[in-house]
Amino acid sequence: MNYDVIVIGGGPAGLSAAVQARVRNKSVLVVSAPAADLPLARAQRVDNYLGLPGLSGTELLARFDAHARELGVERRYGKALNAMPTEGGFFVAVESDVVEGRALILACGVGQGTPYPGELELLGAGVSYCATCDGMLYRGKNVVVVGRSSHAPEEANYLQGLGCHVTYAAPRRPEGLSPEIPFVKAGEVAILGDGAVTAVQAGGQLLPCEGVFLLRSAVSPGQLLPGLAFDGPYLQVNRDMATNLPGVFAAGDCTGLPLQVSKAVGEGLVAGLRAAEYLDRA
Amino acid sequence: MALYHFNADGLRKAVASGNLVMVDFWASWCGPCRMLAPTIEKLAGQYDGKVIVGKVNTDEESALAGSLGIMSIPTVIFFKDGREIDRKVGLMPAQAYTAVLDANL
């Protein structure tokens, strides 16, 4: 599937960018977690969004989604795992599928948080972000799923179905988790191992395992697309919301403070327009 | 251009030849693996006659993947003189692989 613009992130920045690119007659796909997983969905009431005070985050997201769909923006709910430049565009892996776009807009927020101790050191050596990709490699082995998204219980059940011995670590036991899967109440976790994962420390327990699946609702931009320049924890962008990589724009929380809807929508507008212009020049 | 699809025996023979070998471990349900495939095909053409380039389907060859300690795919392993000299885990740009190849030709 080929699109003019692929937007990664379905919050206000991503949908604003998508709307602007559609207005410029570009085909647009938005790849994101379901609305319920977005940080804005947790806002009880947003009072500083100009002209529309008093709506909940969920109501705002529903309006943004309706607006984008009405203009013909396509949506795909899933986790974008990797993006890669190709000749004339980008591949984006959405779990086991691959989509293609000519320009990329990153609006993936900052909800990913800081990496857990041991996460980056042991990435690819037992730490995985993708149950569908790597699950088969852990058949018959102990794995810990660190559930941080609404899809995580489903993915844990999938791993258990493959024959992995799953333990699920999260602040509370989620609905939909198979009753056969032991649950450990844990806010923070630490991943232990020298060269390969040997255990996860979660909720005061040491869980011996060979694999740990960190299932957040989004992959951080640095993991998603290598080579992006950062300014501290945020993506480096210019006034056109262009990153250091040609054809890659960014908007919203991932570019920096303040983490506000109005700022995200405004940046999304700039990113969407500039991405469309970039395509017109190409 | 030759791009080999190795089973355990095929890979053993290629490695035992002592030549520079680059092997991509993948599976069909892995999106990043599918994205890497065109790069591997291109490199097979670019290094034709100099490097043995191949792929291993971890679904069909799970014991082989296990014996090599593959814990995440895509993983690309480089062999020379009959032993592993490097491995790259995760999707990377072509330069990450050509750097290893060029340094070991």
Side-chain angles (χ1 to χ4, degrees), chain A residues 31 76 78-87 89-100 120-141 143 158 162-163 193 195-198 209-214 219 222-228 245, chain B residues 6-8 11 22-46 55-78 84-100:
Chain A
V31 179
R76 170 77 70 93
K79 188 158 48 183
L81 294 165
N82 277 121
M84 186 172 106
T86 60
E87 277 163 43
F90 301 89
F91 282 148
V92 178
V94 186
E95 293 169 10
S96 55
D97 199 8
V98 177
V99 291
E100 278 186 80
L120 299 179
E121 295 83 348
L122 293 165
L123 184 59
V127 173
S128 172
Y129 300 134
C130 179
T132 41
C133 298
D134 297 335
M136 291 292 246
L137 302 168
Y138 294 90
R139 268 184 292 192
K141 296 176 180 170
V143 302
Y158 165 79
L162 287 179
V197 170
T198 53
C209 61
E210 289 179 62
V212 52
F213 290 86
L214 302 179
V219 171
Q223 297 285 350
L224 188 75
L225 180 57
L228 284 168
L245 302 178
Chain B
F6 290 125
N7 57 19
L11 180 62
M22 178 174 91
V23 191
D24 167 28
F25 291 80
W26 69 286
S28 59
W29 57 74
C30 159
C33 299
R34 291 167 56 189
M35 273 160 57
L36 181 60
T39 302
I40 299 296
E41 281 165 28
K42 205 176 90 189
L43 293 179
Q46 199 176 323
K55 296 169 69 114
V56 170
N57 184 328
T58 56
D59 191 20
E60 292 164 7
E61 299 291 338
S62 56
L64 174 59
S67 72
L68 288 166
I70 307 283
M71 304 177 95
S72 195
I73 49 175
T75 287
V76 175
I77 305 187
F78 300 84
E84 179 177 335
I85 53 167
D86 206 346
R87 73 169 65 189
K88 301 282 175 200
V89 182
L91 178 71
M92 298 196 182
Q95 303 88 283
Y97 309 108
T98 57
V100 178

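When reading the values below, keep in mind they use all heavy atoms of this one structure, side chains included, and skip hydrogens, waters and symmetry mates. Within every chain, numbering begins at 1; the chains are lettered A, B, ... in the order of the sequence lines, protein sequences first and strands thereafter.
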Under 3.5 Å, which donor-acceptor pairs link chain B and chain A? Put them in a table for me, please.
unit_1  : atom_1 : unit_2   : atom_2 : d
B/Trp29 : NE1    : A/Thr132 : O      : 2.7
B/Trp29 : NE1    : A/Cys133 : O      : 3.0
B/Gly31 : N      : A/Glu95  : O      : 3.0
B/Arg34 : NH1    : A/Ser96  : O      : 2.6
B/Met71 : O      : A/Tyr138 : OH     : 2.6
B/Ser72 : OG     : A/Asp134 : OD2    : 2.7
B/Ile73 : N      : A/Asp134 : OD1    : 2.8

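B/Ile73 contributes atom CD1, which lies 9.5 Å from atom CE of A/Met136 (distance to the nearest 0.5 angstrom).
Residue A/Val94: no heavy atom, backbone or side chain, is found under 4.5 Å from chain B. For B/Pro38, the part lying near chain A is the side chain, with the backbone staying farther off; criterion is any non-hydrogen pair under 4.5 Å. Only the side chain of B/Ala65 comes within less than 4.5 Å of a heavy atom in chain A; its backbone stays farther off.
Residues A/Met84 and B/Met35 come closest through the heavy atom pair CE-O, 3.4 Å. Taking every heavy atom of both residues into account, A/Cys133 and B/Pro32 meet most closely at SG-CD, 4.0 Å.
The residue among A/Gly211, A/Ala196, A/Pro85, A/Gly126 with the most heavy atom pairs within less than 4.5 Å of chain B is A/Gly126.
Contacts of B/Phe6 classified as ring-ring contact (aromatic ring centres under 6.0 Å, His included), with partners at least two apart in sequence or in another chain: B/Tyr4. Residues that satisfy the disulfide bond (SG atoms under 2.5 Å apart) test with A/Cys209, not counting sequence neighbours, are absent from this structure.
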